[in-house]
Amino acid sequence: MIGTLYYRWRKIKSFIMSSLCFLSAILALIPLFIIFYYTMSKGLSSINWAFFTQMPKPAGETGGGMANALMGTGILISLGSIIGLPVGILAGIYLSANRTTMFARAVRFLTEVLNGIPSIVIGVVAYIIVVIPMKRFSALAGGVSLGILMIPLITRTTEEMLNLVPHSYREASLGLGIPRWKTTLFVILPAAFKGIFTGILLSIARVAGETAPLLFTALGNRFWSTQLDQPIASLTVFIYDYSKAPFDDWNRQAWAAALVLIMLVMFINILFRFVTRKRYA
Amino acid sequence: MVSFTKEQIEVPKSDEVKTSSLSVLFSRLLKPGGKNVGDFIFENTTRLFAFILLSLVLLMAYEMFSKSLPSIHKFGWGFIIRTTWDPVHDEFGALPFIFGTLFSSLIGLLIALPLSVGIAIFLSELSPHWLEQPVSLLVELLAAIPSIVYGLFGIFVMTPWLRDKVEPFLGNHFGFLPLFTGPPYGFGMLAAGLILTLMILPIIASISRDVMKAIPGSMREAAFALGATKWEVIKIVLSSSKSGILGATLLGLGRAVGETMAVTMVIGNTPGISSSLFAPGYTMASVLANEFTEATSDLYASSLIEIALLLFVLTIILNAAARFIVWSVTKKYKADY
Amino acid sequence: MLNMTEETEVVDETIRIRIENLNAFFGKTQALININLNIPKNKVLAIIGPSGCGKSTFLRCLNRMHEEVGGKIKGKILLDNQNIMERDPVELRKMVGMIFQKPNPFPTMSIFDNVTAGLRLNGFRNKKKLQEIVEVNLTKAALWDEVKDILNQPGINLSGGQQQRLCIARTLAVNPEVILMDEPCSALDPISTAKIEELISGLKKNFTIVIVTHNMQQAARVSNYTAFFYMGELVEYDKTANIFTRPKMKQTEDYVTGRFG
């Protein structure tokens, strides 16, 4: 009889532990919903057309918007892409074509290293190589830091997507007397394009949410500026500045901006997972 | 079936296909049987950009090192154990920040690890198939939330909660422990640790889930066939996943030590070493975020850059160790199967 | 080793490709051992043999695709008395086309663009000419009537047999003189196979065709000459009728009667 008693205990223990695992899933997702809930409730009220199109008002005055911050983020992302896309895609093409050479392995390893470096450290580097020589904070420096952040993601995605294209297409193209480089550029790359494009979108989503590297490269700007050699506003730094301020109105605007940011980032992430999931169906 | 003779059809001969005269010129100039010029240009261009990537990382390391030299020369290895941070008198030491980074990350890790493993077990072993994808997606969405939004959540939602409910409770009931001494500000180590928990949880959970799913089903079947309960089977799967989970943990730790905005906004930004969770602190990433633009003297800037260098080295070690472990574990199962 | 000129009647034909002392390697492994063979013009040569005997490797030497996967070639392969090893492989492949086992039309291109791919990607731009070329070659490949109204649709939307005929049209459009086929029907259903075999019979009037096949009945149906490979060596080479009814080597006889392979 001790046998069945022990067996029952084992079953109970199994049930308890399984329930704990289920509970941890719930526990982890609660903050996700809380964050969404608070961002929505605190931010939604401040979202209106004026918020998107107006400039920030001087301290103490209520109202105003983040038009310059939105544009600044747009400019910074574009600059980052100009740096990140060519390096990422071309390096990715190289890595896909050279699987085993020592050089390729070193590049692959360093890409992973680059991926793991905290964005604030990248900001420091951008400060050293752009801000110091230019003797000023600038949108360019911010763009450089974002570009560096984008490189490892795009390189890895490009390499993986190119490797997924079946070898037979390369064979068919070469068999027709099409040179290797045209095969890569006009047959293989287009076939991998969808995956690479969504990888690019994903890296844009990542850098759109970055604050730390911008703090001492692009700095921030309360006025409208499109000049690349001047400090520039950004969505994330806007949220940071307005969250620290003692004004309720500004805090509300911070939540609203956070709502916009989260919507953008979530949308791109879900899109990416949807597209890459379908591939394997 | 219609048949044609070659002479009847006006189609371009092989020669006529080469209408790009430049490429014809080049291919005639090159030695016969040699490489296409287009290939040469293209392949070397891609090689060049791969080289640019490589040099970029090396350049980064070099620049940070060279700009930290003034600080390294002045303080040497002692920089890591000095506790003074006095910009006015140009005296700097990194220990409070190293402590802050490690302590907050450790708290985050201690709470995140059991939760993440629980989630991984749920997703890999317990969840019904239709539930697995949505829950996985939700967990991964946690990773996509930008740091600044976590920070906002931290300032306005979490720290008031900690200050008004959690910390008084802990202080009243467990105040005899040095962990829970001091006034409850809300802001401080505990807040930073909890925020970090949320941020590293998805990393550890999704990698652990992948590691567990990679273990062949035959192992589970064998255990069930011997009469094991669900939990006992899970324990067996876990023991095989140990190194993979360790790798995931290191990756999470790597993320935690580098985390800047969310931590800066809730940790209190006061350098100091204290055993209490309620005390405010300062991390390496936070001091960089807050003081980099204020650095008035060259030595100040150099010390900050040295801190960035330390952070850089720390994350490289953690990431390399983690990737190596994860790679060797998944490779082992691919080889066996 | 067989002496080609004495024991076969290939000597009466015009020779398109002469293979002399061909040895092919994959790293340390030798895949082909001292092959000597003459391929006659405008006829179909079938290459048969058990799995792993080197027939695909042999085919891939003829358009230098073997080197694309890291293989090495020693020996001479003369196309119209010019050694192809001294020629630019890219130019060579415009004269020696290849059809693969699994149909592989380019996934991002329409039917029209697939047919013209080999020309367009080498700089040929004349739009009117391209339209003519598409119609002519799709007709040659016995596919025109089935696709003439859907030329803008993606090539991969077609059935397996249609895709393979599209690949044939694509290869024909470049106007090669020799067409290599690596088990072109093994991934297809019997009806598509029959269509393609009929196609081959029509094409051989204008093209030199070398077809690798593991299906002996197919070799017997479509080819004029057959070469039997075994373990990297050429065992026997003769008119198809002779190989299947009066093989001279015992290995050949064992293979064609089904005793092994």
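Numbered from 1 within each chain, the chains take letters A, B, ... in sequence-line order.
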Write down the atom of [X], the atom of [Y], and the distance for their closest heavy-atom approach.
X	Y	result
C:Asn122	A:Pro179	OD1-CD, 3.8 Å
C:Phe100	A:Ala172	CE1-CA, 3.5 Å
A:Tyr169	C:Pro105	CE2-O, 3.1 Å
C:Glu68	A:Leu174	OE1-CD1, 3.7 Å

When rounded to the nearest 0.5 Å, the distance separating NZ of C:Lys94 from CG of A:Leu176 is 10.5 Å
The reported gap from CG in C:Asn104 to NE2 in A:His167 (rounded to nearest 0.5 angstrom) is 11.0 Å
Please tell me if the side chains of A:Glu171 and C:Lys102 come closer than 4.5 Å, counting only heavy atoms from C-beta onward.
no
Using a 4.5 Å cut-off on heavy atoms from C-beta on, say whether the side chain of A:Val187 contacts that of C:Leu121. yes
For residues 54-83 of chain C, the ring pair (Phe, Tyr, Trp, His ring centres under 6.0 Å) pairs (sequence neighbours left out) are C:Phe26-C:His66, C:Phe58-C:Phe229
Residues 92-111 of chain A vs salt bridge (charged side-chain N to carboxylate O under 4.0 Å, His left out), sequence neighbours excluded, gives A:Arg108-A:Glu159
The interface call for C:Arg170 against chain A, heavy-atom contacts under 4.5 Å, is both
Whatever's closer than 4.5 Å to a heavy atom in chain C on A:Ser173 counts as both
*asked:* Is it the case that atom CZ in A:Phe197 sees more than 12 heavy atoms from other parts of the structure closer than 6.0 Å?
replied: no
